[in-house]
Amino acid sequence: MSIKRGLAVAAMTGLSLLTAVTSSEAAKNNTTLHAYGISVGGSPGTPLANVNNPHASVASVNIPPVTTGVVTVSVTQTPAAGTESATAQTAGFGATVAGIALAIGAAEATCNASAAGNTGSTTLANVNIPGISVGSNPAANTTFNIPAGLPVLTVVFNQQIPNANGSLTVNAVHITTIVPGTDIIVSQAQCGPPDASPVIPLASGAGLYLGLGLAAAAGYGLVRMRRRNVGTAAI
């Protein structure tokens, strides 16, 4: 390989590395993709999964008035395919709100995003809430006021909220009191719109410096070679 061709290859390699770093960091900066198990009163959801921490699990959550069993959350992102997904699974949910005992054996929220759009779903098991009869896969925004005659609670299953930024929020269960004061979310998944730009993941900061170094070295070498050729021609 000639020196000139070698320098050109180095320059291309450096630029490719820089492109990979830039694309990878852009994917990491996606703030709409996340999943969590429990939020009480607007508190940060826990445990939380996002692009920087794609998987999380805890044996239990205890945030009064809520207790749970195992909670598992995860997100996936495939920019080259233009897809992403988020899933939150909460087992053994229990709480007493406004004197009403609420129990759910399992609640899972799922969100999927692609170029075709965003979709969400909820899967439930063993829902034990007075005055409620709901299937395992409720329709979007299935809502109950409890008790029916003089409600003190509103429970929404498979709550789906399209956001202004193009993302979709799916809450498996959202419990609020009629008189503001209690706000409980069980299993939230949010996704979209997906980043459709192809990337080559390159997480290490060393890759950035390597790319810069290769590109700079190649550029300097090509300039020196051009000057040398001009000097030789003048002679």
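Note: hydrogens, waters and symmetry copies are ignored here, and every other heavy atom, side chains too, is used.
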Calculate, to the nearest 0.5 Å, the distance between atoms [atom1] and [atom2] belonging to [X] and [Y] respectively.
X      : Y      : atom1 : atom2 : value
Ile175 : Ile129 : CD1   : CD1   : 5.5 Å
Asn118 : Asn112 : CG    : CG    : 9.0 Å
Asn171 : Gln188 : CG    : CD    : 4.5 Å
Phe93  : Thr68  : CZ    : OG1   : 9.0 Å
Ser187 : His174 : OG    : NE2   : 13.0 Å
Ile184 : Ser39  : CD1   : OG    : 9.5 Å

Student check: side-chain heavy atoms of [X] and [Y] closer than 4.5 Å:
X      : Y      : value
Glu108 : Thr87  : yes
Thr83  : Pro194 : no
Val73  : Pro47  : yes
Val170 : Asn158 : yes
Thr96  : Leu102 : no
Leu124 : Val173 : yes
Leu168 : Gln160 : yes
Pro130 : Ile100 : yes

Using modelled atom types only, decide if a donor and an acceptor are shared between the side chain of [X] and the backbone of [Y] within a distance under 3.5 Å.
X      : Y      : value
Ser167 : Asn165 : no
Asn137 : Thr122 : yes
Thr32  : Gly192 : yes
Thr177 : Val179 : yes
Asn128 : Ile104 : no

Sort out for me which residue in Asn62, Val61, Ile38 forms a side-chain contact (heavy atoms from CB on, under 4.5 Å) with Thr67.
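Running side-chain contact (heavy atoms from CB on, under 4.5 Å) over Asn62, Val61, Ile38 with Thr67 returns exactly one hit, Asn62.
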Mind checking whether Val70 and Ile185 sit in one hydrophobic cluster, side chains of I, L, V, M, F, W, Y counted as touching below 4.5 Å?
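No, separate clusters.
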Co-membership, hydrophobic cluster, residues Val134 and Ile146, 4.5 Å side-chain:
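Yes, same cluster.
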When you compare the side chains of Thr169 and Asn163, does any donor N or O come within less than 3.5 Å of an acceptor on the partner?
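Thr169 vs Asn163: donor-acceptor pair found between side chains.
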Between Thr176 and Thr154, is any side-chain donor less than 3.5 angstrom from a side-chain acceptor?
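The answer is no; no qualifying pair exists.
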